[in-house]
2 protein chains.
Amino acid sequence: MRGQRSATLDDVARAAGVSRATASRVVTGQGPASARARDRVATAVAELGYVPDAAARALASRSGTRLAIAVIGRTAAVLGDPYVGRVLTTAAHIAAEREVGVSLHWVPLNAPVTLAGLAGSRGLGGLVVVNPTRPALETVPRALRGRVAAIGVGTRDVPSFDVDNRTGTDGVVRHLVSTGRRRIAMVTGPSWLPCGDRAVEAYRRVMQDCGSETRVVAGDFTAARGVTAAAEIMSRWPDTDAVFALSDLTALGVLDGLHALGVQVPADVAVAGFDDIAFACLSRPALTTSTHPVEEIAAAAARAVLDHDGRDPVTFFPSRLVVRESA
Amino acid sequence: MRGQRSATLDDVARAAGVSRATASRVVTGQGPASARARDRVATAVAELGYVPDAAARALASRSGTRLAIAVIGRTAAVLGDPYVGRVLTTAAHIAAEREVGVSLHWVPLNAPVTLAGLAGSRGLGGLVVVNPTRPALETVPRALRGRVAAIGVGTRDVPSFDVDNRTGTDGVVRHLVSTGRRRIAMVTGPSWLPCGDRAVEAYRRVMQDCGSETRVVAGDFTAARGVTAAAEIMSRWPDTDAVFALSDLTALGVLDGLHALGVQVPADVAVAGFDDIAFACLSRPALTTSTHPVEEIAAAAARAVLDHDGRDPVTFFPSRLVVRESA
DNA sequence: TATTGCCGTGGAAGCGCTTCCACGTGTGGG
DNA sequence: CCCACACGTGGAAGCGCTTCCACGGCAATA
């Protein structure tokens, strides 16, 4: 068992009988190196169990070797959300392809911890901000601009990637109308997330087209809120015949809340969600919803920051209606 | 608008009219500094928008400022699993308390990418390995030993934290027995995860105690597997009157598969899961299960590596039976 | 007034790595 | 046979930061 100190590149170079410069070239695979040198260094690396120091490497090469994901949100709940899990999974994949690490940051809303501190910019290859708010985005250090992308919100400040929840909502609500529903309530997302506005707008338009009043209650994308929202809606508008929630989690909660109220779904009230999460097809009745290609979106964002390409400011990914039993 | 290069500590020192050493002391808050110096440096920092470079800091101070979470698993699915999301949430919190970052790594089973490469040890304050396999654990660089903890598996190699799924399973299966079930099938976890062994053992013991045969099929903690497992069980042992799955996700899938087969739950077959995930109470019928204090476990593991305390090698957290409608 | 002690400070030495540059070598063409 | 040109190599200069150490100035003590 060797001493405490872990092996450095100098140790490797010495063991291999070459200079540190040569050892570095071999280890990184950059620059010329004779077969002989390559061999000896490789042997030494294996023998000493050498692992390059990420910090030193980042410092010397002044290049990013890390993809940071910052999740903005009011509570810890956001990280428990399957949505974030899918984003992280995807990011981890893209990062693995590029051989960069992923760092994860949870930024509370109205955070004293800003994205600036988070970044510690050297060694940061790119930053993907999930559900950014404008103030949060403004704390991104200047040096990083151009290596930042947003997902979950369409903003023009940085390249953004999001699902097209305008047409998605349109599709769902029209489906409800086409099955004879007219008194349709909507549970939105949290008010600090502007992405819901486009959806609400789409909903209003359809309601207007068929001469119905709008029934909007604020949500927060959680299942718990769905339960209370169901009660709220049925007490404010007892003749409601359909509920559309901008999140499957919430829709599932609505299903539960309605069940507790003794309301039959879809016989009495139809329920539809948005996202098409894995559980959507496991609920009873199975949830009608609209897809949300989270993986595609996250991959696009991760690639955008890592490749540093100057893309269109906002990209919307299409959402597709999935009709199951609940509506 | 200042030049491209972001401000360094030298810039701050110059602007404040002090030496770099003093500036460093003020910024880190370590070491003596006069009120005057503190003031001037603080002003300069604010003015220049200075952000310390994490890499350089880690390199110079040779101290860890990052908590790494490595998730071991066969497919990307593991990261989509709510379990991992909860672990990450918790880790992010603990890390935020300690003012360290979190990095996330997905390590495929039989990974060419080992935990060694992941670590790039400098700047790593600790490593929590989720669902470690012994080979994976062996790739952890020596320098890191003592700053590594495992969760999701009880291993003696490093401090480990896991739910006590032996007594948890015992509780669930005895509950099934107490409600008159005798022909109970079990869907296990993935075979590469040794943690399931203790659970299977507990199940076998109860079955033996009441003179029933064991009916075990291998699972993988996914809902999809639950659907196929239900079909498999009902065709192999048509008289089965209860199914216990070691994961709620799988149990939910079993519910779905049984429904497709026209089997009534719990009338014909009782179903129970393990984990008590959020969706457990949203399914119809609501799922009977046993708790899994993921947050507590993850917090304990994160604290253990960050505080570098020499705790007991294996800690099991108790699981509590939650009876709902499905069993 | 001379001596001891302490505190705030700046100089300088690295942390482990990448990369520029200059320096031999060995090859091909003139 | 000599010059040009590659190519592989080692020396050395940093990357931005922390921290050791020695130094000067001040107040407290003799």
Side-chain angles (χ1 to χ4, degrees), chain A residues 4-42 44-45 48-66 99 117 119-125 141 143, chain B residues 3-41 44-45 48-66 117 119-124 141 143:
Chain A
Q4 279 298 57
R5 218 180 98 283
S6 58
T8 75
L9 191 55
D10 267 319
D11 300 330
V12 171
R14 210 170 304 124
V18 300
S19 73
R20 175 152 40 113
T22 301
S24 172
R25 277 180 220 116
V26 172
V27 170
T28 59
Q30 310 282 358
S34 64
R36 205 181 80 94
R38 226 187 301 278
D39 248 35
R40 308 194 53 160
V41 171
V45 164
L48 273 56
Y50 168 72
V51 180
D53 181 307
R57 185 172 271 191
L59 183 56
S61 67
R62 34 198 152 304
S63 76
T65 60
R66 222 174 73 237
E99 297 199 315
S121 20
R122 249 315 163 311
L124 226 213
Chain B
Q4 280 297 55
R5 219 179 99 281
S6 56
T8 76
L9 191 55
D10 267 319
D11 299 331
V12 172
R14 209 168 307 124
V18 300
S19 75
R20 176 153 39 117
T22 301
S24 172
R25 277 181 219 114
V26 172
V27 170
T28 59
Q30 311 282 358
S34 64
R36 205 182 81 92
R38 225 188 300 280
D39 248 37
R40 309 194 51 160
V41 170
V45 165
L48 272 56
Y50 170 72
V51 179
D53 181 308
R57 183 171 272 191
L59 183 57
S61 66
R62 34 198 152 304
S63 76
T65 59
R66 222 174 71 238
S121 20
R122 245 324 160 308
L124 225 211

| Between D:dG8 and A:Ser34, is there an OP1 or OP2 to side-chain N/O distance shorter than 4.0 Å? | no
| query | For D:dT18, does either OP1 or OP2 sit under 4.0 Å from a side-chain N or O belonging to B:Ser61? | reply | no
| When rounded to the nearest 0.5 angstrom, what is the spacing between OG in A:Ser34 and CZ in A:Arg40? | 10.0 Å
| said: If a pair means Watson-Crick or G-U wobble with both distances below 3.5 Å, what does DNA chain D look like in dot-bracket form, with | marking bases paired to a different strand? | reply: |..|||||||||||||||||||||||||||
| field | Selection from D:dT18, D:dG16, D:dG10 that lies nearest to any side-chain heavy atom of A:Val18 | value | D:dG10
| field | Any B:Ser19 side-chain nitrogen or oxygen under 4.0 Å from OP1 or OP2 of C:dG10 | value | yes
| task | Output the single nucleotide from C:dC15, C:dT9, D:dT9 whose closest atom is nearest the side chain of B:Ala60. | result | C:dC15
| said: Can you see if the side chain of A:Ser24 gets near the phosphate of C:dC17 - specifically, an N or O under 4.0 Å from OP1 or OP2? | reply: no
| task | Could you list all the salt bridge (Lys or Arg N to Asp or Glu O under 4.0 Å) pairs where at least one residue sits in residues 24-34 of chain A, not counting sequence neighbours? | result | none
| query | Contact class for A:Ala33 vs. all strands (heavy atom < 4.0 Å): base, sugar-phosphate, or nothing? | reply | sugar-phosphate
| note | Testing D:dG16, C:dC17, C:dG10 for proximity to the side chain of B:Leu59, the answer is D:dG16
| note | Sorted by chain and residue number, the side-chain hydrogen bond (donor to acceptor under 3.5 Å, both in side chains) partners of B:Asp10 (sequence neighbours excluded) come out as B:Arg20
